[in-house]
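Quick notes on the structure that follows.
In what follows, chains are A, B, ... by sequence order, proteins preceding strands, each numbered from 1. It should be emphasised that the depicted structure is a prediction, and the values quoted were computed from it without experimental measurement.
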Protein chains: 2
Amino acid sequence: MGKIDNSRRARKKPTAAKAAGPAAARGARMTDVARLAEVSIMTVSRALRHPAVVDPETLKRIHGAINATGYLPNRIAGSLASQRSNIVGLVVPSLRNSLFAETVKGVADTLGADFDLMIADSGYVLDGEETAVAAFLSQRVCGIVLHNTKHTPRTRRLIQSAGIPCVETGNLVRRPIDMVASFSNRKAAFEMTAFLVGKGYRRIAFVSLPLRDNDRARERQSGYLQALKQFGLPVDRRIVLESTPGLRGGAHALIELMKVRPKIEAVFLTGDVLATGALLEANRNGWLVPDTIAIAGSDDNELQECVSPALTSLRFPRYDIGCTAASMLLNRISGNLPAAHIVDLGFQIIPRQST
Amino acid sequence: MGKIDNSRRARKKPTAAKAAGPAAARGARMTDVARLAEVSIMTVSRALRHPAVVDPETLKRIHGAINATGYLPNRIAGSLASQRSNIVGLVVPSLRNSLFAETVKGVADTLGADFDLMIADSGYVLDGEETAVAAFLSQRVCGIVLHNTKHTPRTRRLIQSAGIPCVETGNLVRRPIDMVASFSNRKAAFEMTAFLVGKGYRRIAFVSLPLRDNDRARERQSGYLQALKQFGLPVDRRIVLESTPGLRGGAHALIELMKVRPKIEAVFLTGDVLATGALLEANRNGWLVPDTIAIAGSDDNELQECVSPALTSLRFPRYDIGCTAASMLLNRISGNLPAAHIVDLGFQIIPRQST
DNA sequence: TTGAAAGCGATACCAA
DNA sequence: TTGGTATCGCTTTCAA
């Protein structure tokens, strides 16, 4: 003997204070595990990151020590040391809207347990997005997913100079910050309008969310206008509306549109639950759908299928978009070059009784 | 001259490699800002954390340097050094369900820009929650919000020994891990059942989501049963159902219930969009609501108000719950003792035409 | 297969 | 009001 027993404590803490905080429940550190398992701290680190190169016996001792101490790796320290984090940042326009929830879910499912997800909403405002991105970058996220595809110049600069992968998902832009996984809002709106024209409707109204700071709504309106033009139909600005969101937004829009003369024959409401709101309003007023007024929507969901009459709608692969976005991120994080910077996941028209 | 110019570079990096990674876009560090502003790194740190104690002139120089370098604070390093993070972790049963989105939004809004939000879903499974909590704890979150109030023993132990504040929000439990902000699911179901009894209905069916791992559904069924008992009504197990989620779940449940003899007079569907699904199904079948069958729901929302007939429903203050949960967390993070461990935000019955 | 030492980029404490 | 210095807990690099 002679030497003092150093099997425990050993937390050289010469400085005073801080010794016992309110809870003092400081968890075990890697050092504690190492001491208990009688190996160096490096071996513990390896046991966690590269178990294959560690002797099975040693590994066993280490896991025993981990359980005994209740050790939880400190990823903050790990990230600082390794200069890389396992956090992905995601910005959606609104946390309330279940549309975005699909994409969020796709991202989360694909990231799996090895990555954590940080979420912020922009409130549909470009500056909100910038703030969120700056915060993410401060947390040194390893990748970013943005739903919006219109950004402040600083947002683009921040992400690009951070040098981390980024996937935009809201619209199939030509020049993404880095990568994009989406569908073409313009094309979708064009096709739906064309579908209505094909059904014989001529006076077709269009309703979307406000275009301000919303490139998706903007693209859709543009697709609608483009279709009218292509089919030689006149544009009547009185029947091209921007609406507040919600069922009531759609209801009000329909009421306004029904007052316009000459009467409209069909209306395409895109965004949020506008179309459903319009349909329910038509039902309340006894306006026959599609005979008095045909209604088409977008963002197909169970509700649009269950109302009467069921709504003709556009189906967007939102979940897949989330999965794809996350895959693209993971691929790049693994050090690969992107297979493609622009991925078009497409869309479908689901024809039902409302048209 | 003589001495070598040391105004730039100076990043003593004797070791090779790593010099130029794929992007090499390493951002500026606090040291770089300090050098440019000709102050010590500590002064820069203070300028960011406690600007009040820094000389205004110095502050100005530092901000100039920050802009010039495009410096973004490294919160990983900051958190490690200060032993505290600004990340709050949130676990919801499902990222898809817009019910939870309300609470998430409340939490996010209340946390504000100084905190970041990490989100995970448990998939309605206790082990999923445990995994998420362990991941959060590894990230050293400064607080946790859980929607579920039933947990694995390890989940409770992990949070308690981490010594960080935690708020549960799904149900008003008696013995929370730490704190709870919610309403009583049991009481809400009891009151709604009592309301139906008060309306003269006697044979009242009950539909909820599966009870497994779902304490909220369990509590609601219990409240329903308790009400029947209190009013001296018999329990018929054939009309107490657990349903799959979604509009279709509610629709199927109603179809099953309508086959039971003697006929039921009312049905209370609670959870997800079951009630709306049932109502739409009744409409499709021409069953008059409330004459043939009265329908009551929960989680009141715009849709329940817009269908015909509008649904009688329970309104839960989900957004407020999120706000309150975040406030309770922030309060504790500021070092205060909790004003209350159990906060009951209550609920409301919204009577409409469906009953 | 394992270990020693040098950081990672900030903050805390104390001294000036 | 400002600066020096010792960490924070882990990973990287290199040597054994």
What does the list of N/O pairs under 3.5 Å between the protein and nucleotides 2-4 of chain D look like, with a distance for each?
| residue | atom | partner | partner atom | Å |
| --- | --- | --- | --- | --- |
| D:dT2 | OP1 | B:T58 | OG1 | 2.4 |
| D:dT2 | OP2 | B:D55 | N | 3.0 |
| D:dG3 | OP2 | B:S40 | N | 2.9 |
| D:dG3 | OP2 | B:S40 | OG | 3.3 |
| D:dG3 | OP2 | B:T43 | OG1 | 2.5 |
| D:dG3 | N7 | B:R46 | NH1 | 3.4 |
| D:dG3 | N7 | B:R46 | NH2 | 3.1 |
| D:dG3 | O6 | B:R46 | NH2 | 2.3 |

Open item on the list: Please determine whether a side-chain nitrogen or oxygen atom of B:Q83 lies at a distance below 4.0 Å from atom OP1 or OP2 of D:dT7.
Closed with: no
- [ ] Take the protein atom CD of B:E57 and the nucleotide atom P of D:dT1, then report the distance between them rounded to whole Å.
- [x] 13 Å
Open item on the list: Between P on C:dT11 and CG on B:N74, what's the gap in Å once rounded to a whole number?
Closed with: 9 Å
Task: Audit row: B:V92, B:Y124, side chain to side chain contact (heavy atoms under 4.5 Å, CB included) steps and yes/no - done: CA-CA 8 Å; B:V92 291; B:Y124 290 93; over 6 Å; no
TODO: Give the rounded distance in Å between these two atoms: CE of B:M30 and C1' of D:dT5.
DONE: 16 Å
Open item on the list: If I take atom CD in residue A:Q139 and atom P in nucleotide C:dC8, what distance separates them, rounded to the nearest angstrom?
Closed with: 20 Å
TODO: Taking only the side-chain nitrogens and oxygens of B:R29, find out if one of them lies under 4.0 Å from OP1 or OP2 of C:dC8.
DONE: no
Task: Atom-pair distance (CG on B:L80; P on C:dG9), nearest Å - done: 12 Å
Task: Atom-pair distance (CD1 on A:I76; P on C:dT11), nearest Å - done: 13 Å
Open item on the list: Need one value for B:R84: base, sugar-phosphate or nothing, where a base atom within 4.0 Å counts as base even if backbone is also close, heavy atoms only.
Closed with: sugar-phosphate
Task: Length of the line joining B:H50:NE2 and C:dT11:P, which is rounded to integer Å - done: 8 Å
Task: Out of C:dT11, D:dT11, C:dA10, whichever nucleotide has its closest atom nearest the side chain of B:S82 - done: C:dT11
TODO: Using side chain to side chain contact (heavy atoms under 4.5 Å, CB included) as the criterion, point out the one residue from B:T103, B:I321, B:T169 that pairs with B:V145.
DONE: B:T169
TODO: Find the distance between CE (A:M30) and OG1 (A:T43) and round it off to the nearest 0.5 Å.
DONE: 10.5 Å
Task: Main-chain N/O of B:A37 paired with B:R61 side-chain donor or acceptor, under 3.5 Å - done: yes
Task: Polar side-chain atom of A:D178 near backbone of A:C166 as donor-acceptor pair, under 3.5 Å - done: yes
Open item on the list: Using only atom types and a distance under 3.5 Å, with no angle test, would you say the side chain of B:S85 pairs donor to acceptor with the backbone of B:I87?
Closed with: yes
TODO: Sequence neighbours left out, what passes side-chain hydrogen bond (donor to acceptor under 3.5 Å, both in side chains) with A:S122? Give chain and number order.
DONE: none
